[in-house]
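Scope of the values below: all heavy atoms of this structure, side chains included, with no hydrogens, waters or symmetry mates.
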Amino acid sequence: MGESMFSKALSGASAIGLSLVALATAANAAPSYIVTDLGTAVGSSEAYAINNKGQVIGYDWDGSVVSAFIWDNGVKTNLGSLGGTETYANAINDNGQVIGSSKTADNVTRTFLWENGVMTDIGTFNTSVFGGAGINDSGQMVGSSNFGSASHAVLLDGGVMTDLGAFGGPYFSGANDINDIGQIVGQSDTANGSGRHAFVWENGVMTDIGTLGGTIGIASAINENGQVAGTSFLSNNGFSQRGFFWENGVMTEIGVLAGFNNRSSANDINASGQVVGYSYAGNFGSGGIHAILWESGVLTDLNDLIDPASGWSLGFAKGINDAGQIVGTGSYNGNGHAFLLTPVQEDAVPEPGTWALMIGGFGLIGGLSRWTRRRIVFA
């Protein structure tokens with residue numbers, strides 16, 4: 001028996017409905033971030049940090065010279081040097097002040113402050129230990145410096161350097177970040193010198209925030225709410241490295257990606273408590289390395305949130321600002337390039353073709369609804 005006109009109409013409506021569901025599914029599966037290439041035509045590049053104005057710092061390497069840069073709204077500027085061939089930018093505040101390290105013509109590493117196109121040598125203040133250095137919006141800077149036989153975490157404020165000390169004895173400590181209320185994070189050798197623990201320093205008091213179970217903990221970043229991101233060990237086995245999120249005395253492991261059984265690291269945290277870093281398998285550099293985002297207990301591979309046809313493999317996420325923009329280093333068509341990830345707006349307008357298909361589909365369904373004298377309700 002032949003199919004009735006009514007059945008054909010319903011079949012057509014069902015097909016259109018399924019098409020609309022497919023459109024909605026495709027929209028939901030759309031990339032969550034747009035990738036911007038901050039790389040260089042020759043050699044490789046890395047991005048280290050981003051401020052709340054979207055200014056990015058990092059460095060380019062052409063095979064012989066390492067040059068620090070600032071990227072601002074599509075314009076990439078070389079910060080210059082102190083006379084040598086290696087310059088690295090470590091941190092930037094919301095005023096565009098940059099702190100980093102540069103070699104002199106005599107191959108001596110010095111720390112610099114860059115502002116409004118001018119690079120100033122600020123001396124023996126050291127940013128090389130763990131790449132640690134930070135600057136807040138008041139211009140207070142942290143890092144490390146030598147005090148006799150020991151290298152200690154320091155605060156540089158208005159030209160005055162303060163030794164933040166260590167947990168005990170003539171041991172090492174280093175500072176990696178400072179927020180706008182003056183809280184400082186880093187790592188220090190323990191009193192007996194048998195381990196190295198993450199710390200939070202505030203108003204002259206260095207507080208041991210511990211580890212995830214092993215002897216090593218490193219606090220990399222702190223936001224304005226006092227939340228901390230860093231890296232530690234679950235045990236004294238180096239293959240159990242994990243990134244962590246710390247808040248109000250509680251250190252939480254951020255985990256590793258599925259199939260990345262060995263290690264993860266947390267590098268930065270924004271005001272919303274979003275943490276970025278990377279997860280990798282095998283010995284460092286020999287296994288897969290993927291940039292990660294951790295938020296409210298959920299760990300996500302950032303490679304799953306970009307267009308798979310973009311040509312990018314995101315390896316290291318180094319910085320995140322309060323708008324959720326992320327910077328780091330990845331492979332772009334096989335070359336090591338710095339990247340900027342910008343979140344796609346949730347209220348983004350669909351493409352014109354999508355609107356036309358949706359409007360046409362709803363029009364057809366509306367016509368079928370009137371023809372059958374029935375009201376079709378969509379959830």
Roughly how far apart are [X] [atom1] and [Y] [atom2], rounded to 0.5 Å?
X      : Y      : atom1 : atom2 : result
Leu113 : Ile135 : CG    : CD1   : 5.5 Å
Ile222 : Gln227 : CD1   : CD    : 9.0 Å
Asp180 : Asn93  : CG    : CG    : 8.0 Å
Leu234 : Leu212 : CG    : CG    : 5.5 Å
Leu79  : Glu115 : CG    : CD    : 12.5 Å
Trp61  : Thr40  : CH2   : OG1   : 12.0 Å

Expected output: side-chain [X] to main-chain [Y] donor-acceptor under 3.5 Å:
X      : Y      : value
Asn52  : Asp322 : yes
Gln183 : Val200 : no
Thr104 : Val108 : yes
Asn136 : Asn179 : yes
Ser279 : His290 : no
Thr231 : Arg242 : no
Ser232 : Ile216 : yes
Asn267 : Val276 : no
Asn321 : Asn51  : yes
Thr300 : Leu302 : no

Heavy atoms, side chains only, cut-off 4.5 Å: are [X] and [Y] in contact?
X      : Y      : answer
Val142 : Trp201 : no
Ser67  : Thr87  : no
Phe339 : His337 : no
Ser265 : Gln241 : yes

With sequence neighbours excluded, tell me which residues meet side-chain contact (heavy atoms from CB on, under 4.5 Å) with Asp189.
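With neighbours one apart ignored, the set is Tyr171, Phe172, Arg196.
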
Nearest heavy-atom pair of [X] and [Y]: which atoms, and what distance?
X      : Y      : value
Thr329 : Ala47  : OG1-N, 3.7 Å
Gly230 : Ala266 : O-CB, 3.2 Å
Phe112 : Ser101 : CE2-N, 3.3 Å
Gly174 : Ala153 : C-CB, 3.6 Å
Pro343 : Gly324 : CG-O, 3.6 Å

Over 60° means perpendicular and under 30° means parallel, so tell me whether Trp312 and Tyr332 are parallel, tilted or perpendicular.
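Trp312 and Tyr332: parallel rings.
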
Are [Y] and [X] connected in a single hydrophobic cluster, I mean Ile/Leu/Val/Met/Phe/Trp/Tyr linked by side-chain heavy atoms less than 4.5 Å apart?
X      : Y      : result
Ile57  : Phe69  : no
Ile184 : Met206 : yes
Ile99  : Leu156 : yes
Val185 : Phe244 : yes
Leu38  : Ile50  : yes

Verdict with reasoning, Asp137 to Asn95, per side chain to side chain contact (heavy atoms under 4.5 Å, CB included)
CA-CA 6 Å; Asp137 289 348; Asn95 299 315; 4.2 Å; yes

Let's go through Asn176 and Ile218 carefully: what are the C-alpha distance in whole Å and the side-chain angles of both, what is the deciding distance for side chain to side chain contact (heavy atoms under 4.5 Å, CB included) to 0.1 Å, and is it a yes or a no?
CA-CA 9 Å; Asn176 300 325; Ile218 299 169; 3.8 Å; yes

Of the options Val275, Leu257, Val256, Asn303, which is the one that meets Ile292 in a side-chain contact (heavy atoms from CB on, under 4.5 Å)?
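Filter result, single survivor: Leu257.
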
If the test is side-chain contact (heavy atoms from CB on, under 4.5 Å), which one of Leu155, Val154, Ile122 qualifies with Met141?
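Going through Leu155, Val154, Ile122 one by one, the side-chain contact (heavy atoms from CB on, under 4.5 Å) with Met141 is satisfied by Ile122 alone.
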
Leu293/Tyr33 under side chain to side chain contact (heavy atoms under 4.5 Å, CB included): CA gap, chis, key distance, verdict
CA-CA 12 Å; Leu293 171 69; Tyr33 292 90; 3.6 Å; yes

Please tell me whether Ser188 and Ser173 have a donor and an acceptor in their side chains that are separated by less than 3.5 angstrom.
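No, no side-chain donor-acceptor pair sits under 3.5 Å.
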
Please tell me whether Asn192 and Ser194 have a donor and an acceptor in their side chains that are separated by less than 3.5 angstrom.
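Checked: Asn192/Ser194 side chains pair up, N/O donor to acceptor below 3.5 Å.
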
Exceeds 12 heavy-atom contacts within 6.0 angstrom, atom CG of Asn73
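Counting other residues, nucleotides and ligands, CG of Asn73 stays at 12 neighbours or fewer.
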
Could you go through Ile289 and Phe316, starting from their C-alpha distance and side-chain angles, then the distance that decides it, and tell me whether this counts as side chain to side chain contact (heavy atoms under 4.5 Å, CB included)?
CA-CA 7 Å; Ile289 303 173; Phe316 300 89; 3.7 Å; yes

Summary of salt bridge (charged side-chain N to carboxylate O under 4.0 Å, His left out) pairs that have at least one residue in residues 265-279, sequence neighbours excluded
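Sorted result for residues 265-279: empty, none.
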
